Amino acid sequence: MQVEIVPCLSDNYAYVLTAPGSRQAVVVDASEAAPVRAALQRSGLELVAILSTHHHPDHVGGNEELVREFPRARVFAFGTDRGRLPALTDGLSDDARFDVGGFEFRALHIPGHTLGAVAYVGADCVFTGDTLFVAGCGRLFEGSASQMYDSLNEKLARLPDATRVFCGHEYTAKNLEFAAHMEPGNAAVRAKAERVAALRARGEPSVPSTIAEERATNPFMRCQSPEILEQVAEDLAGDRSPQAVLGAVRRAKDRYR
Ligand code: ZN
Ligand code: FE
(Lines give C-alpha, C1' and ligand atoms only; values in the text may rest on other atoms or scores of the structure.)
(Ligands and ions follow the chains in the order given, each with its own letter.)
Protein backbone atom coordinates (compact mmCIF):
# COMPACT_ATOMS: atom_id res chain seq x y z
CA MET A 1 0.00 0.00 0.00
CA GLN A 2 1.42 3.34 -1.07
CA VAL A 3 0.40 6.07 1.37
CA GLU A 4 0.79 9.73 0.47
CA ILE A 5 0.53 12.01 3.47
CA VAL A 6 -1.43 15.18 2.63
CA PRO A 7 -1.22 17.98 5.22
CA CYS A 8 -4.57 19.78 5.62
CA LEU A 9 -5.81 22.74 7.69
CA SER A 10 -3.36 23.58 10.50
CA ASP A 11 -2.29 20.12 11.69
CA ASN A 12 -4.60 17.50 10.09
CA TYR A 13 -3.48 14.72 7.80
CA ALA A 14 -5.42 13.21 4.90
CA TYR A 15 -3.98 10.08 3.29
CA VAL A 16 -4.09 9.10 -0.37
CA LEU A 17 -3.77 5.31 -0.78
CA THR A 18 -2.93 3.59 -4.03
CA ALA A 19 -2.16 0.00 -4.94
CA PRO A 20 1.00 -0.48 -7.04
CA GLY A 21 0.27 0.27 -10.70
CA SER A 22 -3.28 1.46 -9.99
CA ARG A 23 -4.80 4.80 -11.02
CA GLN A 24 -7.52 4.45 -8.40
CA ALA A 25 -7.14 6.27 -5.11
CA VAL A 26 -8.73 5.80 -1.71
CA VAL A 27 -8.59 8.83 0.59
CA VAL A 28 -8.69 8.55 4.36
CA ASP A 29 -10.21 11.66 6.02
CA ALA A 30 -10.78 14.28 3.34
CA SER A 31 -10.29 17.19 5.75
CA GLU A 32 -10.62 19.75 2.99
CA ALA A 33 -11.01 19.39 -0.75
CA ALA A 34 -8.22 21.55 -2.20
CA PRO A 35 -5.06 19.78 -0.95
CA VAL A 36 -6.61 16.35 -1.56
CA ARG A 37 -7.66 17.32 -5.11
CA ALA A 38 -4.14 18.67 -5.77
CA ALA A 39 -2.58 15.40 -4.59
CA LEU A 40 -4.92 13.37 -6.83
CA GLN A 41 -4.20 15.59 -9.84
CA ARG A 42 -0.42 15.49 -9.34
CA SER A 43 -0.48 11.71 -9.67
CA GLY A 44 -3.33 11.52 -12.22
CA LEU A 45 -5.55 9.49 -9.87
CA GLU A 46 -9.28 8.83 -9.84
CA LEU A 47 -10.92 9.01 -6.42
CA VAL A 48 -12.94 5.82 -5.84
CA ALA A 49 -13.56 6.04 -2.08
CA ILE A 50 -13.28 8.22 0.98
CA LEU A 51 -12.85 6.44 4.32
CA SER A 52 -13.99 8.77 7.09
CA THR A 53 -12.74 7.98 10.61
CA HIS A 54 -15.38 10.13 12.36
CA HIS A 55 -17.82 12.95 11.73
CA HIS A 56 -15.83 15.97 13.01
CA PRO A 57 -15.64 18.77 10.40
CA ASP A 58 -11.82 18.78 10.30
CA HIS A 59 -11.98 15.17 9.00
CA VAL A 60 -14.91 15.34 6.54
CA GLY A 61 -14.80 18.96 5.32
CA GLY A 62 -13.89 17.92 1.76
CA ASN A 63 -16.35 15.03 1.35
CA GLU A 64 -19.18 16.85 -0.47
CA GLU A 65 -16.94 18.75 -2.86
CA LEU A 66 -14.80 15.73 -3.78
CA VAL A 67 -17.83 13.52 -4.35
CA ARG A 68 -19.26 16.16 -6.71
CA GLU A 69 -16.05 15.97 -8.74
CA PHE A 70 -15.85 12.17 -8.57
CA PRO A 71 -19.51 11.06 -8.62
CA ARG A 72 -18.55 7.37 -8.59
CA ALA A 73 -16.71 7.69 -5.28
CA ARG A 74 -18.21 5.95 -2.27
CA VAL A 75 -17.94 7.35 1.25
CA PHE A 76 -17.43 4.87 4.09
CA ALA A 77 -17.96 5.58 7.79
CA PHE A 78 -19.44 3.88 10.83
CA GLY A 79 -23.15 3.21 10.30
CA THR A 80 -24.34 5.15 13.33
CA ASP A 81 -22.81 8.34 11.90
CA ARG A 82 -25.41 8.35 9.11
CA GLY A 83 -27.19 11.70 9.27
CA ARG A 84 -24.21 13.59 10.63
CA LEU A 85 -21.42 12.55 8.26
CA PRO A 86 -21.50 14.32 4.87
CA ALA A 87 -22.02 12.23 1.70
CA LEU A 88 -21.95 8.89 3.55
CA THR A 89 -22.90 6.02 1.21
CA ASP A 90 -21.64 2.90 3.01
CA GLY A 91 -22.39 2.63 6.73
CA LEU A 92 -20.12 0.06 8.40
CA SER A 93 -20.49 -2.16 11.45
CA ASP A 94 -17.67 -3.38 13.69
CA ASP A 95 -15.34 -5.83 11.95
CA ALA A 96 -16.97 -5.21 8.53
CA ARG A 97 -14.75 -6.10 5.58
CA PHE A 98 -14.92 -4.41 2.20
CA ASP A 99 -12.89 -4.20 -1.01
CA VAL A 100 -12.14 -0.90 -2.71
CA GLY A 101 -9.29 0.57 -4.78
CA GLY A 102 -7.51 -2.78 -4.97
CA PHE A 103 -7.39 -3.22 -1.17
CA GLU A 104 -9.27 -5.23 1.38
CA PHE A 105 -10.10 -3.14 4.44
CA ARG A 106 -11.47 -4.10 7.82
CA ALA A 107 -13.38 -1.59 9.96
CA LEU A 108 -12.68 -1.54 13.69
CA HIS A 109 -15.25 0.31 15.80
CA ILE A 110 -13.17 2.33 18.28
CA PRO A 111 -15.52 4.57 20.29
CA GLY A 112 -14.11 7.03 22.82
CA HIS A 113 -13.31 10.31 21.04
CA THR A 114 -16.71 9.98 19.33
CA LEU A 115 -19.23 7.14 19.46
CA GLY A 116 -18.98 6.50 15.71
CA ALA A 117 -15.18 6.47 15.51
CA VAL A 118 -13.78 3.78 13.27
CA ALA A 119 -10.28 2.64 12.33
CA TYR A 120 -9.48 1.20 8.92
CA VAL A 121 -7.08 -1.73 8.76
CA GLY A 122 -5.64 -2.53 5.33
CA ALA A 123 -2.45 -4.33 4.27
CA ASP A 124 0.09 -3.48 7.02
CA CYS A 125 -1.53 -0.14 7.89
CA VAL A 126 -4.13 1.21 10.30
CA PHE A 127 -5.76 4.64 10.06
CA THR A 128 -6.87 5.74 13.50
CA GLY A 129 -8.31 9.26 13.13
CA ASP A 130 -8.51 11.09 16.46
CA THR A 131 -8.76 7.97 18.64
CA LEU A 132 -5.14 6.83 18.66
CA PHE A 133 -2.58 9.57 18.06
CA VAL A 134 1.15 8.94 17.96
CA ALA A 135 1.95 8.85 21.71
CA GLY A 136 -1.53 10.04 22.65
CA CYS A 137 -5.28 9.72 22.22
CA GLY A 138 -8.18 12.03 21.43
CA ARG A 139 -10.30 13.81 23.99
CA LEU A 140 -13.34 11.96 25.31
CA PHE A 141 -16.01 14.07 23.59
CA GLU A 142 -18.70 11.38 23.43
CA GLY A 143 -17.35 8.11 24.81
CA SER A 144 -16.22 7.01 28.26
CA ALA A 145 -12.75 6.24 29.56
CA SER A 146 -13.69 2.59 29.59
CA GLN A 147 -14.69 2.67 25.90
CA MET A 148 -11.44 4.45 25.02
CA TYR A 149 -9.53 1.85 27.04
CA ASP A 150 -11.10 -0.99 25.06
CA SER A 151 -10.62 0.77 21.72
CA LEU A 152 -6.92 1.38 22.34
CA ASN A 153 -5.94 -1.66 24.35
CA GLU A 154 -8.35 -4.44 23.40
CA LYS A 155 -8.55 -3.57 19.70
CA LEU A 156 -5.75 -1.40 18.29
CA ALA A 157 -2.96 -2.69 20.55
CA ARG A 158 -3.75 -6.24 19.41
CA LEU A 159 -2.91 -5.54 15.78
CA PRO A 160 0.45 -6.99 14.66
CA ASP A 161 3.46 -5.12 16.09
CA ALA A 162 4.70 -3.98 12.68
CA THR A 163 1.36 -2.43 11.67
CA ARG A 164 2.00 1.13 10.50
CA VAL A 165 -0.11 3.69 12.38
CA PHE A 166 -1.42 6.77 10.55
CA CYS A 167 -3.42 9.19 12.70
CA GLY A 168 -5.48 12.32 12.14
CA HIS A 169 -3.28 15.09 13.57
CA GLU A 170 0.36 16.06 13.98
CA TYR A 171 0.31 16.27 17.77
CA THR A 172 3.26 13.94 18.36
CA ALA A 173 5.91 16.27 19.82
CA LYS A 174 3.51 17.62 22.49
CA ASN A 175 2.20 14.12 23.19
CA LEU A 176 5.73 12.81 23.78
CA GLU A 177 6.42 15.70 26.15
CA PHE A 178 3.41 14.61 28.20
CA ALA A 179 4.46 10.93 27.91
CA ALA A 180 7.89 11.81 29.34
CA HIS A 181 6.19 13.73 32.15
CA MET A 182 4.07 10.68 33.01
CA GLU A 183 6.91 8.17 32.67
CA PRO A 184 10.27 9.88 33.24
CA GLY A 185 12.01 6.51 33.33
CA ASN A 186 10.78 5.35 29.91
CA ALA A 187 13.84 5.33 27.63
CA ALA A 188 11.73 4.51 24.55
CA VAL A 189 9.80 7.77 25.05
CA ARG A 190 13.02 9.79 25.27
CA ALA A 191 14.49 8.12 22.18
CA LYS A 192 11.31 8.67 20.18
CA ALA A 193 11.08 12.33 21.28
CA GLU A 194 14.59 12.87 19.85
CA ARG A 195 13.71 11.17 16.57
CA VAL A 196 10.49 13.16 16.24
CA ALA A 197 12.18 16.48 17.07
CA ALA A 198 14.66 15.85 14.23
CA LEU A 199 11.84 14.98 11.79
CA ARG A 200 9.80 18.03 12.72
CA ALA A 201 12.85 20.33 12.49
CA ARG A 202 13.11 19.20 8.84
CA GLY A 203 9.38 19.84 8.36
CA GLU A 204 8.62 16.12 8.00
CA PRO A 205 5.61 14.34 9.52
CA SER A 206 5.99 12.08 12.54
CA VAL A 207 3.66 9.49 10.99
CA PRO A 208 3.66 6.61 10.55
CA SER A 209 4.33 5.11 13.94
CA THR A 210 3.90 1.38 14.58
CA ILE A 211 1.76 -0.56 17.02
CA ALA A 212 4.94 -1.81 18.73
CA GLU A 213 6.18 1.77 19.20
CA GLU A 214 2.80 2.86 20.55
CA ARG A 215 2.75 0.02 23.05
CA ALA A 216 6.23 1.12 24.19
CA THR A 217 5.61 4.87 24.37
CA ASN A 218 1.92 5.79 24.44
CA PRO A 219 0.78 6.46 28.03
CA PHE A 220 -2.80 5.50 27.09
CA MET A 221 -1.54 2.04 26.11
CA ARG A 222 0.57 1.76 29.27
CA CYS A 223 -2.04 1.90 32.02
CA GLN A 224 -0.21 -0.82 33.98
CA SER A 225 3.06 1.12 34.13
CA PRO A 226 4.08 1.62 37.80
CA GLU A 227 5.33 5.14 37.04
CA ILE A 228 2.03 6.12 35.44
CA LEU A 229 0.05 4.57 38.30
CA GLU A 230 2.06 6.62 40.75
CA GLN A 231 1.54 9.85 38.74
CA VAL A 232 -2.25 9.51 38.81
CA ALA A 233 -2.68 7.71 42.16
CA GLU A 234 -4.34 10.67 43.87
CA ASP A 235 -6.96 10.89 41.11
CA LEU A 236 -7.99 7.21 41.27
CA ALA A 237 -10.24 7.20 44.34
CA GLY A 238 -9.43 3.57 45.11
CA ASP A 239 -10.24 2.21 41.65
CA ARG A 240 -6.90 1.09 40.22
CA SER A 241 -8.38 -0.70 37.21
CA PRO A 242 -6.64 0.07 33.90
CA GLN A 243 -9.85 1.74 32.70
CA ALA A 244 -9.77 4.11 35.69
CA VAL A 245 -6.07 4.75 35.10
CA LEU A 246 -6.76 5.68 31.48
CA GLY A 247 -9.46 8.11 32.64
CA ALA A 248 -7.04 9.71 35.10
CA VAL A 249 -4.26 9.94 32.49
CA ARG A 250 -6.73 11.58 30.08
CA ARG A 251 -7.73 14.12 32.75
CA ALA A 252 -4.05 14.82 33.47
CA LYS A 253 -3.47 15.39 29.74
CA ASP A 254 -6.47 17.77 29.57
CA ARG A 255 -4.86 19.84 32.33
CA TYR A 256 -1.30 19.64 30.99
CA ARG A 257 -0.14 23.01 29.52
ZN1 ZN B 1 -12.05 14.69 16.07
FE1 FE C 1 -9.61 16.15 14.53
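We count ligands from 1, going down the list as the structure has it; atoms in each ligand are counted the same way. On a predicted model such as this, the values are computed, not experimentally measured, just so you know. Computation of the quantities below employed the complete heavy-atom set of this structure, encompassing side-chain atoms and omitting hydrogens, waters and symmetry-equivalent molecules.
- Nearest to the Zn ion (ligand 1), among the N, O or S atoms that D130 has, is OD2.
- Note on D130: its N/O/S atom closest to the Fe ion (ligand 2) is OD2.
- Of the residues listed (S146, P111, C137), the one engaging S151 in a side-chain contact (heavy atoms from CB on, under 4.5 Å) is P111, and it is the only one.
- Between the Fe ion (ligand 2) and H54 there is no N/O/S contact shorter than 2.8 Å.
- Taking 2.8 Å as the threshold, H169 counts as a candidate ligand of the Fe ion (ligand 2), since one of its N, O or S atoms lies below it.
- Within D58, the N/O/S atom positioned nearest the Fe ion (ligand 2) carries the name OD2.
- Between F105 and Y120, the ring planes are perpendicular. Angles over 60° get that label, and only those under 30° would be called parallel.
- The nearest N/O/S atom of H113 to the Zn ion (ligand 1) is NE2.
- Aromatic ring orientation, F133 versus Y171: perpendicular (interplanar angle above 60°, classes split at 30° and 60°).
- Considering just the N/O/S atoms of H54, the one nearest the Zn ion (ligand 1) carries the name NE2.
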>> For L236 and L229: C-alpha separation, side-chain torsions, deciding distance, then whether side chain to side chain contact (heavy atoms under 4.5 Å, CB included) applies.
In response: CA-CA 9 Å; L236 286 181; L229 264 165; 4.0 Å; yes

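- Using the six-membered ring where Trp is involved, H56 and H113 have ring planes that are perpendicular, over 60° apart on the 30 and 60° scheme.
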